[in-house]
Number of protein chains: 2
Amino acid sequence: MTRDKILHAARELFEEKGFDATTVRDIANKAEVNVALINYHFGSKELLLTTLIDELSNATHIKLSDINKSTADPVAKLQQAMDIMLDKTFANKKYYQMLHRELSTVQRPQLNEQIAKNLKRNRTELRYLIEEGQRLKVFRDDIDIELTLGTISGLLHQVTNSGLRDAFKDNDNKLKSRIRHHLFDLMLSFLKRK
Amino acid sequence: MTRDKILHAARELFEEKGFDATTVRDIANKAEVNVALINYHFGSKELLLTTLIDELSNATHIKLSDINKSTADPVAKLQQAMDIMLDKTFANKKYYQMLHRELSTVQRPQLNEQIAKNLKRNRTELRYLIEEGQRLKVFRDDIDIELTLGTISGLLHQVTNSGLRDAFKDNDNKLKSRIRHHLFDLMLSFLKRK
DNA sequence: CAAAGTTAAACAAATGTTTAATTTTTAAAC
DNA sequence: GTTTAAAAATTAAACATTTGTTTAACTTTG
């Protein structure tokens, strides 16, 4: 189907080169369809991107709510959550790269809203998980939760955006287990009551 | 001087809207000079950016080498270093935002090299500081240094790129001291030997 | 007067989008 | 099952802007 061919080609190009650097003709060529079909099916290049993100937001969503429902202890829950986040992040590295790249621009403000809302969902669940750990007196309660969440997403951002150039000599699996270990170590030595 | 007027206008526009979204005519208008003068003085729009970053790299460089030379204990040194990094980061927020925005694109690879080299200087000094703390048996030596550095720069990246939207309701000074406190707390509970 | 600096205009290429014509698909009528 | 007409999809071409850059004439400076 034409619509899907366009979406597929657009995803690859937006993820690879970014929205601005990708022309509608690039997309049309890769999808092997006529240029005009992009505007015919999506209205505009920008609406193509919004549609794409909308459709991918569910597929890439990091679902932590199940963990919150379980009765495991806070430490185990946090580890599960971080594992899932790591998996999703690595599985959709290019996609997150694209989101952050687009988020860093100031044009298209409503698209920024869309992306920010998208990324925010994970934070809410993770915050809840930490707060629960605090209520159960397992985690310290004299910490800055917002910045704790920022620490985690900051590190994951480094993963997706190759801020870790040197560490990136490793292959993905090796790197993932390194980050996993570091993140557990870091967060637990910070969060756990002494 | 024309050259400086252009550089000054270019900095403001690149920091605000980004390189691609800024046109040479934007720059010429803001600098109140003729468009052709940009190419006359700098050769091209891209060379204008490289020149700008070159000239700013010294002004914005986070100089940690003095700290490394001192004889203070590792904890104090680390705190000093993080203080300086925080100050520089806040003082040049828009500038770092621009660097990371540009770094996230894949066009202009040699410019990426330039920026990466620029950002890397800080990491080297900080790594040395931590390694020294390890030699003095003050810091743990079973940690992943590369990812520890990534954690710090990841958090600072969140600062410059408003990944901390919610926390950003605070003014800069309030936010800076929050981050300072969090960073000290986080890093010391992670790094210090028990 | 020669070199450097400045100007307005033109240039060439690329961009997202629209148009108008043509083909294909859909679905109802026979 | 075939016909038929409206709707949907596709096409090539054109369109209107915008872009960074160059040119050629000029003014200013040393």
Side-chain angles (χ1 to χ4, degrees), chain A residues 1-55 98 101-112 114-115, chain B residues 1-55 98 101-112 114-115:
Chain A
M1 195 181 161
T2 304
R3 211 188 104 99
D4 294 332
K5 284 201 288 182
I6 294 174
L7 279 170
H8 190 259
R11 174 176 188 176
E12 289 193 354
L13 288 166
F14 289 162
E15 288 185 350
E16 176 61 29
K17 318 200 300 169
F19 178 77
D20 287 312
T22 301
T23 73
V24 287
R25 283 168 183 82
D26 286 342
I27 302 171
N29 283 340
K30 176 154 251 172
E32 292 177 308
V33 301
N34 189 283
V35 212
L37 290 179
I38 292 173
N39 290 276
Y40 178 77
H41 282 284
F42 297 95
S44 73
K45 185 191 170 190
E46 188 168 338
L47 281 171
L48 167 58
L49 177 58
T50 4
T51 308
L52 182 67
I53 294 180
D54 262 339
E55 302 214 348
M98 178 185 77
R101 192 193 295 123
E102 184 59 30
L103 202 55
S104 79
T105 71
V106 74
Q107 319 136 55
R108 304 182 280 283
Q110 76 182 40
L111 187 65
N112 286 19
Q114 184 193 9
I115 296 175
Chain B
M1 198 176 156
T2 304
R3 211 188 104 100
D4 294 331
K5 284 201 289 185
I6 294 174
L7 279 170
H8 190 259
R11 176 177 186 173
E12 290 193 354
L13 288 166
F14 289 163
E15 288 184 350
E16 176 61 30
K17 319 201 297 171
F19 179 76
D20 287 313
T22 302
T23 72
V24 288
R25 283 168 183 81
D26 287 341
I27 302 171
N29 284 340
K30 175 154 252 173
E32 295 178 304
V33 302
N34 189 282
V35 211
L37 291 180
I38 292 173
N39 289 276
Y40 177 77
H41 281 286
F42 296 95
S44 73
K45 184 191 171 191
E46 188 167 339
L47 281 171
L48 167 58
L49 176 58
T50 14
T51 308
L52 182 66
I53 294 180
D54 262 339
E55 302 215 349
M98 176 185 79
R101 191 194 295 125
E102 183 60 30
L103 202 56
S104 78
T105 72
V106 74
Q107 318 138 55
R108 303 180 282 282
Q110 75 183 40
L111 188 64
N112 286 19
Q114 185 193 7
I115 296 175

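In what follows, chains carry the letters A, B, and so on, assigned in the order in which the sequence lines appear, proteins first and then strands, with residues in each chain numbered from 1. Note: hydrogens, waters and symmetry copies are ignored here, and every other heavy atom, side chains too, is used. If you're wondering where the values come from, they're calculated on a predicted model, not measured in any experiment.
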K.L.:
Check the distance between D:dT21's P and B:Lys45's NZ and give it to me in whole angstrom.
P.N.:
8 Å
K.L.:
Without decimals, in angstroms, what is the distance between B:Leu37 CG and C:dA4 C1'?
P.N.:
11 Å
K.L.:
Looking at A:Glu12 and A:Lys30, is there a salt bridge between them, counting it only when a charged N and a carboxylate O are closer than 4.0 Å?
P.N.:
yes
K.L.:
Going by number, which of residues 7-21 of chain A have a non-hydrogen atom under 4.0 Å from DNA chain C?
P.N.:
none
K.L.:
Between A:Asp26 (CG) and C:dA13 (P), how many Å, whole number?
P.N.:
18 Å
K.L.:
With a cut-off of less than 4.0 Å, is there a side-chain N or O of B:His41 near OP1 or OP2 of C:dA4?
P.N.:
no
K.L.:
Does B:Asp26 use its side chain to pair, donor to acceptor, with the backbone of B:Thr23 at less than 3.5 Å?
P.N.:
yes
K.L.:
Could you state the CG-P distance from A:Asp4 to D:dA9, rounded to the nearest angstrom?
P.N.:
13 Å
K.L.:
Any donor and acceptor pair, going by atom type alone, linking the side chain of A:Arg101 with main-chain N or O of A:Phe14 inside 3.5 Å?
P.N.:
yes
K.L.:
Find the distance between CG (B:Leu49) and CG (B:Asp20) and round it off to the nearest 0.5 Å.
P.N.:
9.5 Å
K.L.:
May I ask you to decide whether B:Glu55 forms a salt bridge with B:Arg3, counting only side-chain N to carboxylate O separations under 4.0 Å?
P.N.:
yes
K.L.:
Starting at atom CZ of B:Arg3, determine the distance to atom P of C:dG5, rounded to an integer number of angstrom.
P.N.:
11 Å
K.L.:
Without decimals, in angstroms, what is the distance between A:Tyr40 OH and C:dA20 P?
P.N.:
16 Å
K.L.:
To the nearest Å, how far apart are B:Asn39 CG and C:dA8 P?
P.N.:
16 Å
